[in-house]
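Working notes, beginning with the structure itself.
Positions are given from 1 along the sequence. Heavy-atom basis, side chains included; hydrogens, waters and symmetry copies ignored.
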Amino acid sequence: MGLWQLNADTLARSRFVVSPLAETFACLKLLHVADAAHPGEHAWLRAHLPVYRALLAAEPVTARLVRAGLGREWIADFLTPAPRGGETFADEVARVRSTAPEAARAHLRTALAGPLPAELDRDDLPERAAVLLRWVWETTVRPSWERRRRVLEADVVARTAQVSRGGWVSVLDELRPGRTRWLGENLLQINLHEYPPREISGAELLFVPVTVQRAGWVAWDDGVRYAAVYPCAGALADAGIRTVPSALGALLGPSRAEVLVLLASPMSTTQLTAVSGQALGSVGRHLKVLREAGLIARRRAGRSVLYARTEAGNVLVQAVGQRREGARDCV
């Protein structure tokens with residue numbers, strides 16, 4: 001299995017960051033495998049997969065680069081530079097573009113576990129990779145980035161709070177269940193591959209959420225910075241693609257209706273604030289009204305208070321949704 005060796009100080013200083021490039025690369029992987037994990041990803045693929053495939057059909061070298069770079073067990077390192085936190089997409093993709101051509105070819109040979117195909121023995125591979133990543137960003141990620149960012153930040157808030165309650169071990173075992181876990185004795189398992197342990201004590205350790213539910217990889221600037229990319233909590237990812245029926249918005253008010261729709265899965269006030277983008281005070285007022293109306297209930301989970309729809313709340317949301325579908329069928 002892949003193991004990182006780290007001391008207590010390195011783990012204590014580790015942090016969660018959001019990366020536009022990581023989200024973009026996760027979406028590139030989803031386009032490549034076309035294997036969606038939830039309804040939002042299915043809809044996203046229907047919208048973007050045909051255009052993506054047409055783009056690669058017109059650029060066979062880039063298509064071969066993607067297939068080689070994603071590999072089977074190893075991603076070409078230059079495609080996934082370790083995030084630093086607080087960077088824009090332009091900052092991050094510039095590091096892909098600045099990769100030395102000989103380094104890019106070496107990374108591809110590692111991903112392929114064999115020789116480089118003749119058509120990839122060229123110097124423009126970093127530029128091609130940067131152009132493709134920019135297309136994925138501009139076309140499929142940036143239009144929904146504010147919503148995605150709120151979902152990712154909500155995950156960071158939840159994980160950070162979990163660290164304060166139960167320590168890092170409670171968080172690490174849940175990032176990618178069955179793959180990432182704390183083994184004790186300064187050993188962090190990061191995947192199931194049989195690689196030699198890597199000593200990272202003293203380096204910066206980052207954890208990076210993405211919304212794509214089957215995504216996950218590691219990246220590093222060797223000896224300086226190491227990052228583990230993981231799928232954010234499923235309930236939050238689903239929340240990021242929910243829409244509010246207009247009739248429900250007219251009944252409750254758009255902001256209050258959004259809170260009710262988001263509470264299909266339990267969330268804390270902090271998570272709702274991050275996902276919805278509404279102010280904390282506004283979310284608190286909406287929760288009070290919805291709870292008094294019997295549409296949501298609250299329960300305590302450790303030190304957190306979670307809210308979720310009651311059966312009455314589910315009936316209301318489903319009834320409005322079915323009415324909307326029926327109205328469309330009659331048009």
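The CZ atom of Arg134 lies 10.5 Å from the CG atom of Leu21; values are rounded to the nearest 0.5 Å. Within the model, atoms CG of Asn191 and CH2 of Trp4 stand 9.0 Å from one another, a figure rounded to the nearest 0.5 Å. Considering CD of Gln189 and CG of Leu172, their distance stands at 11.0 Å, rounded to 0.5 Å. Between Lys288 atom NZ and Ile296 atom CD1 the span is 11.5 Å, to the nearest 0.5 Å. Atom CG of Leu175 is separated from atom CZ of Arg159 by 5.5 Å, given to the nearest 0.5 angstrom. Distance check: Leu295 CG to Leu287 CG gives 11.5 Å after rounding to the nearest 0.5 Å.
Residues satisfying the side chain to side chain contact (heavy atoms under 4.5 Å, CB included) criterion with Ser255, sequence neighbours excluded, are Gln278, His286. Residues meeting the side chain to side chain donor-acceptor pair (under 3.5 Å) test with Arg122, sequence neighbours left out: Asp124. For Trp145, the ring pair (Phe, Tyr, Trp, His ring centres under 6.0 Å) partners are Trp137, not counting sequence neighbours.
Residues Val320 and Ala247 come closest through the heavy atom pair CG1-CB, 3.7 Å. Between Leu120 and Leu116 the shortest heavy-atom distance is O-CD2, 3.3 Å. Scanning both residues, Val156 and Pro209, for their nearest heavy atoms gives CG2-CG, 3.9 Å. The nearest pair of heavy atoms linking Pro81 to Arg95 is CB-NH1, 3.5 Å. Here the shortest heavy-atom pairing between Trp182 and Asp173 reads N-OD1, 2.9 Å. Considering every non-hydrogen atom in both Leu262 and Ser276, the closest pair reads CD1-CB, 4.0 Å.
A donor-acceptor distance shorter than 3.5 angstrom exists from the side chain of Trp44 to the backbone of Thr140, with no hydrogens or angles considered. Remark: side-chain polar atoms of Thr80 are not paired, donor with acceptor, to backbone N or O of Ala219 under 3.5 angstrom. Using a distance-only test at 3.5 Å, with no hydrogens or angles considered, a donor-acceptor pair links the side chain of His107 to the main chain of Phe78. Gln162 contributes no side-chain N or O that, together with a main-chain N or O of Ala158, makes up a donor-acceptor pair within less than 3.5 Å. Side-chain N or O atoms of Gln318 include none that pairs as donor or acceptor with a backbone N or O of Val315 at under 3.5 Å. Judged by distance alone, the side chain of Arg256 and the main-chain N or O of Gly249 form no donor-acceptor pair under 3.5 Å. Side-chain N or O atoms of Thr99 include one that pairs as donor or acceptor with a backbone N or O of Val96 at under 3.5 Å. Judged by distance alone, with hydrogens and angles left aside, the side-chain atoms of Thr24 form a donor-acceptor pair with the main-chain N or O of Pro20 at under 3.5 Å.
No side-chain heavy atom of Asp77 sits less than 4.5 Å from a side-chain heavy atom of Thr110. Between Leu152 and Val208, every side-chain heavy-atom pair lies at or beyond the 4.5 Å cut-off. Side chains of Tyr230 and Thr180 form no contact here, defined as non-hydrogen atoms less than 4.5 Å apart. At a threshold of 4.5 Å between non-hydrogen side-chain atoms, the residues Leu11 and Leu188 do not count as touching. You'll find the side chain of Leu260 reaches within 4.5 Å of the side chain of Leu252, heavy atoms only. Two residues are said to be in side-chain contact when any heavy atoms from C-beta on lie closer than 4.5 Å; Asn186 and Leu6 fail this criterion. Side-chain contact between Asp121 and Arg105: present, with at least one pair of heavy atoms (C-beta onward) separated by less than 4.5 Å. At a threshold of 4.5 Å between non-hydrogen side-chain atoms, the residues Val66 and Tyr52 count as touching.
Criterion: ILVMFWY side-chain heavy atoms under 4.5 Å apart, direct or through other members. Under it, Leu70 and Leu132 are part of a common hydrophobic cluster. Residues Val224 and Leu206 do not share a hydrophobic cluster, clusters being chains of Ile/Leu/Val/Met/Phe/Trp/Tyr side chains in contact below 4.5 Å. Linking ILVMFWY residues whenever their side-chain heavy atoms come closer than 4.5 Å, directly or via other members, places Leu108 and Leu56 in the same cluster. Using a 4.5 Å cut-off between side-chain heavy atoms of Ile, Leu, Val, Met, Phe, Trp and Tyr, with links allowed through other members, Val157 and Val275 fall into different hydrophobic clusters. The cluster map of Ile, Leu, Val, Met, Phe, Trp and Tyr, joined by side-chain heavy atoms under 4.5 Å apart, puts Val131 and Leu133 in different clusters.
Looking at Glu87, Arg84, Glu92 one by one, the single match for side-chain hydrogen bond (donor to acceptor under 3.5 Å, both in side chains) with Ser19 turns out to be Glu92.
The aromatic rings of Phe207 and Phe16 are tilted relative to each other, their planes meeting at an angle between 30° and 60°.
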Please determine whether side chain to side chain donor-acceptor pair (under 3.5 Å) holds for the pair Arg147 and Ser144, giving the CA-CA distance in whole Å, both sets of side-chain angles, and the decisive distance to 0.1 Å.
CA-CA 6 Å; Arg147 168 68 75 172; Ser144 58; over 6 Å; no
Test log, rule side chain to side chain donor-acceptor pair (under 3.5 Å), inputs Thr211 and Glu23
CA-CA 7 Å; Thr211 64; Glu23 180 74 4; 2.5 Å; yes
I would like to know whether Leu306 and Met267 meet side-chain contact (heavy atoms from CB on, under 4.5 Å); could you show each step before the answer?
CA-CA 5 Å; Leu306 300 179; Met267 288 191 194; 5.8 Å; no
Would Arg150 and Glu153 count as a salt bridge (Lys or Arg N to Asp or Glu O under 4.0 Å) here? Give the steps.
CA-CA 5 Å; Arg150 289 198 295 268; Glu153 289 175 347; over 6 Å; no
For Tyr195 and Trp74: C-alpha separation, side-chain torsions, deciding distance, then whether ring pair (Phe, Tyr, Trp, His ring centres under 6.0 Å) applies.
CA-CA 11 Å; Tyr195 300 133; Trp74 191 274; 5.1 Å; yes
Using a 3.5 Å cut-off and no angle test, enumerate the donor-acceptor pairs between side-chain atoms of residues 25-36 and protein atoms at least two apart in sequence or in another chain.
from: Asp35; atom 1: OD1; to: Arg214; atom 2: NH1; distance (Å): 3.1
from: Asp35; atom 1: OD2; to: Arg214; atom 2: NH1; distance (Å): 3.4

Output a table of donor-acceptor pairs, distance under 3.5 Å, between side-chain atoms of residues 196-204 and any protein atom two or more places apart or on a different chain; print 'none' if there are none.
from: Arg198; atom 1: NH1; to: Asp222; atom 2: OD1; distance (Å): 3.0
from: Glu199; atom 1: OE2; to: Ser201; atom 2: N; distance (Å): 2.9
from: Glu199; atom 1: OE2; to: Ser201; atom 2: OG; distance (Å): 2.5
from: Ser201; atom 1: OG; to: Asn7; atom 2: N; distance (Å): 2.8
from: Glu204; atom 1: OE1; to: Arg225; atom 2: NE; distance (Å): 3.0
from: Glu204; atom 1: OE2; to: Arg15; atom 2: NE; distance (Å): 3.2
from: Glu204; atom 1: OE2; to: Arg15; atom 2: NH2; distance (Å): 2.8

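The ring-ring contact (aromatic ring centres under 6.0 Å, His included) pairs that include a residue from residues 109-129 number zero, where partners must be two or more places apart or lie in different chains.
A donor atom on one side chain and an acceptor atom on the other are found under 3.5 Å apart for Ser282 and Arg285. There is a side-chain donor-acceptor pair under 3.5 Å between Arg309 and Asn314.
By the neighbour-count criterion of 12 heavy atoms within 6.0 Å, atom CZ of Arg13 is densely surrounded, having more than that number from other residues, nucleotides or ligands. When the shell of 6.0 Å around CZ of Arg179 is examined, it contains 12 or fewer heavy atoms from other residues, nucleotides or ligands. Heavy-atom neighbours of Arg97 CZ from other residues, nucleotides or ligands within 6.0 Å: above the threshold of 12.
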